[in-house]
Amino acid sequence: MDAEIILRWNETVGPNDIVLHLGDLALGPIADSLPLTAQLHGRRFLVPGNHDRVSTATQTNRAIERFAPLYEEAGWTIFPEVVSGTRAGSRMLASHYPYSRDTQGEDRHVAHRPIDHGLPLLHGHTHDRENGPVGHQFHVGVDAFAFAPIQMTLVDA
């Protein structure tokens with residue numbers, strides 16, 4: 001599984017492409033899983049999710065201080081839990097968490113979700129197989145896109 005995900009990533013992402021990963025980067029023993037991500041192409045930025053050991057939403061400061069160097073050694077730059085930016089002249093947000101909706105029957109981690117002020121939001125978290133926009137939020141997780149990152153041109157369309 002790991003080899004296939006790395007292959008699909010590297011077929012999609014060039015060495016100099018910029019990637020914004022929206023969390024839940026690595027599970028299991030971090031000493032085993034995180035170094036695998038060093039094989040991934042691109043300049044890689046992580047918006048932490050609830051399973052990431054550098055998430056201010058789910059980890060203690062002590063844990064973050066312990067694990068942040070491991071993420072950085074694997075080539076990741078750690079971003080805040082919610083980032084904002086502009087694309088094609090429009091403001092948008094990116095977060096691991098959606099504004100609302102979950103695939104677990106109830107909305108998890110509600111206190112850590114961005115507040116919906118009507119801005120478009122790119123998110124992961126749900127592990128839903130469905131993709132594309134729902135209202136003004138867009139699930140971009142690899143679960144919904146054949147286990148590969150997507151190009152921003154798809155989001156633009």
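- Crowding of I115 atom CD1: a count of heavy atoms from other residues, nucleotides or ligands under 6.0 Å not exceeding 12.
- Distance check, rounded to the nearest 0.5 Å: CD1 of I30 to CG of L70 gives 7.0 Å.
- One finds the CD atom of Q39 at 11.0 Å from the CG atom of L7 (value rounded to the nearest 0.5 Å).
- I5 and L40 are members of different hydrophobic clusters when ILVMFWY side chains are connected at heavy-atom separations under 4.5 Å.
- Checked against the 6.0 Å centroid threshold, Y99 and H123 do not count as a close aromatic pair.
- Proximity of a side-chain donor or acceptor of E73 to a complementary backbone N or O of P35 within less than 3.5 Å is not detected.
- Taken together through direct or relayed side-chain contacts under 4.5 Å among Ile, Leu, Val, Met, Phe, Trp and Tyr, Y71 and I6 form part of one hydrophobic cluster.
- Across all non-hydrogen atoms, the minimal contact from P114 to P98 is CD-O, 4.1 Å.
- The backbone N or O of A74 sits less than 3.5 Å from a side-chain atom of R44, completing a donor-acceptor pair.
- Residues satisfying the side-chain hydrogen bond (donor to acceptor under 3.5 Å, both in side chains) criterion with D156, sequence neighbours excluded, are R87.
- A donor-acceptor pair shorter than 3.5 Å can be found between the side chains of T56 and E81.
- For the pair D52 (side chain) and G49 (backbone), a donor-acceptor distance under 3.5 Å is present.
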**Message:** Determine whether H21 and W76 satisfy the following criterion, side-chain contact (heavy atoms from CB on, under 4.5 Å), listing intermediate values before the conclusion.
**Reply:** CA-CA 10 Å; H21 191 293; W76 293 93; 3.7 Å; yes
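- Nearest heavy-atom pair, Q59 versus V54, reported as atom, atom and distance to 0.1 Å: CG-N, 4.2 Å.
- In terms of modelled atom types and a separation under 3.5 Å, the side chain of D24 and the main chain of H51 share a donor-acceptor contact.
- Proximity of I78 to F67: side-chain heavy atoms (C-beta onward) are nowhere separated by under 4.5 Å.
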**Message:** Checking L34 against R53 for the side-chain contact (heavy atoms from CB on, under 4.5 Å) test, could you report, in this order, the C-alpha distance in whole Å, the side-chain angles of both residues, the deciding distance, and whether it holds?
**Reply:** CA-CA 11 Å; L34 194 56; R53 289 172 177 91; over 6 Å; no
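- Judged by distance alone, the side chain of T60 and the main-chain N or O of A63 form a donor-acceptor pair under 3.5 Å.
- Side-chain atoms of N10 come within 3.5 Å of backbone N or O of H41 as a donor-acceptor pair.
- L154 belongs to a hydrophobic cluster with I18, L20, L22, F45, V47, F79, V83, M92, L122, F138, V140, F145, I150, M152, V155, counting contacts under 4.5 Å between side-chain heavy atoms of Ile, Leu, Val, Met, Phe, Trp and Tyr, direct or through other members.
- D116 contributes no side-chain N or O that, together with a main-chain N or O of S100, makes up a donor-acceptor pair within less than 3.5 Å.
- Here the CG-NE2 distance, from L119 to H136, works out to 7.5 Å after rounding to the nearest 0.5 Å.
- Rounded to the nearest 0.5 Å, atoms OG (S33) and CG (D2) are 8.0 Å apart.
- The cluster map of Ile, Leu, Val, Met, Phe, Trp and Tyr, joined by side-chain heavy atoms under 4.5 Å apart, puts V142 and W9 in different clusters.
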**Message:** Does T77 form a side-chain contact (heavy atoms from CB on, under 4.5 Å) with L46? I'd like the steps, not just the answer.
**Reply:** CA-CA 6 Å; T77 299; L46 175 65; over 6 Å; no
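- Side-chain contact between Y97 and N50: present, with at least one pair of heavy atoms (C-beta onward) separated by less than 4.5 Å.
- Between H96 and H125, the angle of the ring planes goes over 60°, which puts this pair in the perpendicular group of the 30/60° scheme.
- The nearest pair of heavy atoms linking P48 to S55 is CB-CA, 3.8 Å.
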